[in-house]
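In the text below, chain A, chain B and the rest are named by the order of the sequence lines, each starting its count at 1.
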Amino acid sequence: MPFAGSLLSAALLNSSSRSLPSLIAGIVALGCFAASLAAYPAIANGEILRANLQWLPQFGLEFALRMDGFAWLFSVLISGIGVLVVIYARYYMSEDDPVPRFFSFLLAFMGAMLGIVISGNVILLSVFWELTSIFSFLLISYWHNSAAARDGARMALTITGIGGFCLLIGVLLLGNIVGSYDLDKILASGDIIRNHPLYLMALIFILLGALTKSAQFPFHFWLPNAMAAPTPVSAFLHSATMVKAGVFLLVRFWPALAGTYEWFWIVGAAGVITLLLGAYFAMFQQDLKGLLAYSTISHLGLITTLLSLGSPLATVAAIFHMVNHATFKASLFMAAGIIDHETGTRDMRRLSGLYKFLPITGTLAMVASAAMAGVPLLNGFLSKEMFFAEAVETHADSILDRILPYVATLAGAFSVAYSLRFIHTVFFGRPPADLPKPAPHEPPRWMRFPIEFLVVICLVVGIAPSLSIGPFLHVAVTSVLGADTPEYSLSIWHGFNLPLIMSIVALVGGALIYFSLRRYLASCADGPPVFRRLRGQRIFERILVEVSWRWARLAEQRLGTRKLQPQLRWVVFTGFLAGLLPLTMSGFEPRPFAFSGVDPMFAVIWALGICLAIGTAYMAKYHRLASLVMLGGVGLIVCLTFVWLSAPDLAVTQLLVEIVTTVLILLGLRWLPKRNEGVDDAITLRARFRRFRDLALAVVCGIGMTFISYAVMTMPVPDAIANYFLENAYSQGGGRNVVNVILVDFRGFDTLGEITVLGIVALTVYALLRRFRPAADSMSMPEQQQIQNRFDEERPERSAGDTVREYLLVPSIIMQWMFPVLITFAVYIFMRGHDLPGGGFSAGLTMSIAFLLQYLAGGTRWAEDRIRILPLRWMGAGILTAAMTGIGAWFLGYPFLTSHSRYIELPVIGKMPAATALLFDLGVFLLVVGSTVLILVALAHQSIRINRLRAIEADKAKGGEA
Amino acid sequence: MEIILSIAIGVMTTCGVWLLLRPRTYQVIVGLCMLSYAVNLFIFGVGGVKTNVPPLLTDDVATGALADPVPQALVLTAIVIGFATTALFLVVLLASRGLTGTDHVDGRGDRK
């Protein structure tokens, strides 16, 4: 529900009205509140409300909501304070602020918080947990043009985000231990968890999550920095919700995790240190909200300490104090917000004597801070008494336990001191001078209402605890502790006992501390002495810089490289390992060598092939043409191998591709740099080592491939899908050439994808070449042409360019004659493709070679004067034909690309197979022709373009001279 | 037969990998071509090595005895795609050479 409200507010982002979004927010929050209240009768009977939705059932995850007494108490707290904060914020936010955004975030945050409280699945809980981190980030950074808000929000997000991550790990461990992520099951199996070897790990991770969220030492420093948020946010986040989530979690998992020595030490140490340090720091704050922030930290420390004790009574006290703290701290934050709003400053050195101007707010604030200090007749007193009583009890005999009463009293005294300071400095003393806003006055009635309401609760709970909060608290406590719920009494007067003495000592001591430090406090700088310099924030920032900047740079320097060679080396090496590891681990042994007879001819061919391959590798550096020729040779031998080993289709395709590739690279060679003879070729030791390393890697890969391929080839071929294709090719595909039937029929969709890739590559090549600018040293005319032209110029009977024209005259005429022959051949290959070796791919390649020969024979200009090839149209037609063939099947009620075949009688040719797959193959054919020609022609055109470029350059040079 | 083919695949892999690790773009392209030969042959070999039984259905040969058509279909498309990638790499090479003035794979001159 709050999320829906959030979206609704977000929809109003552009409206400038303040009332509408706050009205929506108010209604939503009130609705939640009412819904929670309505659940009370059921909860009071000890029932647990549940709602389950399937989420990821295959992982055993459900979107389970579950509300027991404790969750109920928290829901009421969250939604109730949510309502009050919305009312307050309606008056607090100024005209200029984008109010809908604020309410949108606030409601979303409230929704996330309620989600934490009522989720019945620990994974779901951690998801909501993260959501609160994110929305609190957005809320804290609401005034995003202030640097403090941005920094504070980032810090809060970093700390609580890390905590949330730890929590997720923790609950995953927990779920692993228990075998279920369901909260009920986890809570029920506390003994299993505590005796499990992974207990400590899970505990530490969950505690990291809880302690970061609740701003416990040593993660406390984010909270004061988050005070840059608007005050309603602080009032909501730091009294009732965000920070309470941490202690909520501690209570939630209390039945499952608490009671061990580790729990006591970790939680206890963090709690005690936080309690004391927070209170101490709070005394020395000059910022009103800073004081409240540190006091919040200290009170959370108190709750944590209580929870660490592991006794049921202490847990009762902790839950009670959570409620109390939420009420008085929210009202204090709001009061601080009013003071800020009315005077324009929160600096306690400048504020004084405001009681005259703000009598009602002043009174309310006094009551609330008295509750914070633990003055009798107020709710803070009751829970503090319970805390003192628990502190005196011995739970686990250790130093921590023994010093606890003293620490508790001291922290109590500190808290009295800072409460006193808050009231005394702000409301009493001489009238204020030089305030940013000169005449403070009481805020509107409804802005004060939330404070009044909360203060009344403080009073009611404080005076008549068992009548007011008693039953609710009982419901909550029972749901956590179950059968162990101890007897406790919520009365004001327990007799004259030790806790009361401690309270009195704390009150008197706190007053003494304050009055003795008063002069110092009125003038000192912000922050406590000694610790002022040592700030968690600084340390945090240093760490952040260290990790995200220096380490990252270092890692980049050490591990990253912009060079391709090391990257490729790693790729190859990793690939080698990836191939080797699974094989060695699964016990791969090279298969015993069995001499199965060698065809001598085949051996000779491959001896040649191996020589050619090595030659290619050797010559590729300086003799590109030689290397290319040898590469072609290797390709031909591969082609022969295909013929030899019963793959005529492959052989045809390989042969044609070989031709096209060679032509392509030949066209490219012209743009590569010439060998620079002047380079000193002395090989350094380093280079030698590098080469040796590469060679070793290459040889190792080669040997590995040899073994693997030998093993694969000699392994008995399992009864694979091959038989299916062989048996059904004719009956279902209507073709005898199984390879072709697979391509155009069985796996037609793959082929469609593949020709699309081909088309895309061709277009990419075309696009890249359109803007191609050759390197400067390739701009001039090739050396051969220069020689030929010189030869022409030297003889009077010849004109320039004759030699070029007459070059390879006889072969080029033959090539021109071959054009129709080749086209016929392509058609032939295409037609027979379904039954005999051939098909769209090879026919397409043949066709493009026919075009290519015309370019080779007559030159680009000559060819284009005579035939206009529009490769883009070929490609378009091809892909459309292929797709249409597939779609055609739909109209006949078959799935995409279903083919139909029959033989038809043609007058001249005779009986001929006419499958719809033939149409598909036609598409393949057209596209292959188009793409191949597009690529080659685009590259060939560069030679013409360069003349134009040269002319432009020459013009420019002339213009420059003139 | 198998042993010859395996050795050939091994040698071509070695040459391909070696060329792939060289600093000149042209060497890398040639290396990729070489490597694709090796890989194509390897995939082809997975189907078993048989002579004189092309997967063309005739009435007098039992279908079970024919060569495996699946790797052949795979390799056929691989050959065509291999051509396309070679073309693409070649053009990228040329563009890179035009832009940077060097044919070093990093686009920056080495050593000097």
Side-chain angles (χ1 to χ4, degrees), chain A residues 563-565 568-569 572 602-603 606 609-610 613 617 620 624 627 631 638 645-650 653-654 657 661 664 668 671-673 694 698-699 701-703 705-706 709-710 712-714 717 722 725-727 730 736-739 742-743 754 758 761 765 768-769 772-775 841 935, chain B residues 2-4 6-15 17-21 23-24 26-27 30 33-34 37 41-42 45-46 48-57 63-64 66-70 72-73 75-77 79-81 83-84 86-88 90-91 94-95 97-98 101 103 105-106:
Chain A
K563 293 184 187 229
L564 183 71
Q565 282 171 284
L568 279 179
R569 198 174 294 131
V572 172
F602 194 66
W606 267 111
I610 287 170
R624 297 197 188 99
S627 170
L631 182 71
V638 171
L645 299 175
S646 342
D649 271 299
L650 292 191
T653 317
Q654 178 76 52
V657 163
T661 312
L664 182 81
W671 307 107
L672 286 174
D694 291 351
V699 168
C701 285
I703 292 173
M705 276 304 280
T706 306
S709 36
Y710 185 70
V712 165
M713 279 185 243
T714 49
V717 182
F725 288 122
L726 287 171
E727 277 154 21
Y730 189 67
R736 290 175 179 277
N737 180 2
V738 186
V739 176
I742 291 177
L743 282 178
E754 197 207 327
L758 195 63
V761 168
V765 166
L768 275 171
L769 283 175
F772 174 64
R773 280 190 76 83
F841 281 112
I935 293 172
Chain B
E2 288 89 354
I3 187 75
I4 298 173
S6 315
I7 293 173
I9 291 173
V11 171
M12 285 196 288
T13 312
T14 306
C15 295
V17 169
W18 159 259
L19 284 174
L20 202 63
L21 299 176
R24 302 283 154 205
Y26 182 74
Q27 289 171 311
V30 173
C33 284
M34 192 68 90
Y37 290 149
L41 272 183
F42 175 71
V46 169
V49 180
K50 294 177 181 175
T51 44
N52 281 329
V53 274
L56 302 173
L57 299 173
T63 50
L66 295 181
D68 192 344
V70 181
Q72 296 196 12
V75 172
L76 199 148
T77 51
I79 292 173
V80 178
I81 289 286
F83 160 68
T86 307
L88 187 62
L90 185 76
V91 172
L94 295 179
R97 156 117 173 96
D103 69 336
V105 283
D106 298 333

Asks: In sequence, state the C-alpha distance, the side-chain angles, and the governing distance for Leu672(A) and Arg24(B), and then conclude on side chain to side chain contact (heavy atoms under 4.5 Å, CB included).
Replies: CA-CA 11 Å; Leu672(A) 286 174; Arg24(B) 302 283 154 205; over 6 Å; no
Asks: For the candidates Val699(A), Val739(A), Thr661(A), which exhibits the highest count of non-hydrogen atom pairs separated by less than 4.5 Å from chain B?
Replies: Val739(A)
Asks: Between Val70(B), Leu90(B), Ile79(B), which has the largest tally of heavy atom pairs under 4.5 Å with chain A?
Replies: Ile79(B)
Asks: Does Tyr26(B) offer a backbone N or O that forms a donor-acceptor pair with the side chain of Arg624(A) under 3.5 Å?
Replies: no
Asks: If I compare all heavy atoms of Cys15(B) with all of Met34(B), which pair ends up nearest, and what's the gap?
Replies: CB-CG, 4.1 Å
Asks: Keeping the roles fixed (side chain from Gln72(B), backbone from Ser646(A)), state whether a donor-acceptor pair exists under 3.5 Å.
Replies: yes
Asks: Would you say that Val712(A) contacts Phe42(B) through its side chain, given a criterion of any heavy-atom pair below 4.5 Å between the two side chains?
Replies: yes
Asks: Which bit of Ile935(A) comes within less than 4.5 Å of chain B, counting heavy atoms only: side chain, backbone, both or neither?
Replies: side chain
Asks: With a 4.5 Å cut-off on heavy-atom pairs, point out which of Ala647(A), Pro648(A), Gly609(A), Ser627(A) contacts chain B the most.
Replies: Ala647(A)
Asks: side-chain contact (heavy atoms from CB on, under 4.5 Å) with Ile7(B): which residues, sequence neighbours excluded?
Replies: Ile610(A), Thr706(A), Ile3(B), Val11(B)
Asks: With respect to chain A, which residue among Val75(B), Val30(B), Thr77(B), Val17(B) yields the maximal number of heavy-atom pairs within a distance under 4.5 Å?
Replies: Thr77(B)
Asks: Under a 4.5 Å heavy-atom cut-off, does chain A meet the side chain of Leu76(B), its backbone, both or neither?
Replies: both
Asks: Could you look at Val765(A) and say if it's the side chain, the backbone, both or neither that has a heavy atom under 4.5 Å from chain B?
Replies: both
Asks: Not counting sequence neighbours, which residues clear side chain to side chain donor-acceptor pair (under 3.5 Å) with Gln27(B)? List them please.
Replies: none
Asks: Side chain, backbone, both or neither: which part of Ile742(A) has an atom under 4.5 Å from a heavy atom of chain B?
Replies: side chain
Asks: Counting heavy-atom pairs closer than 4.5 Å to chain B, which one of Leu769(A), Ile703(A), Asp694(A) comes out on top?
Replies: Asp694(A)
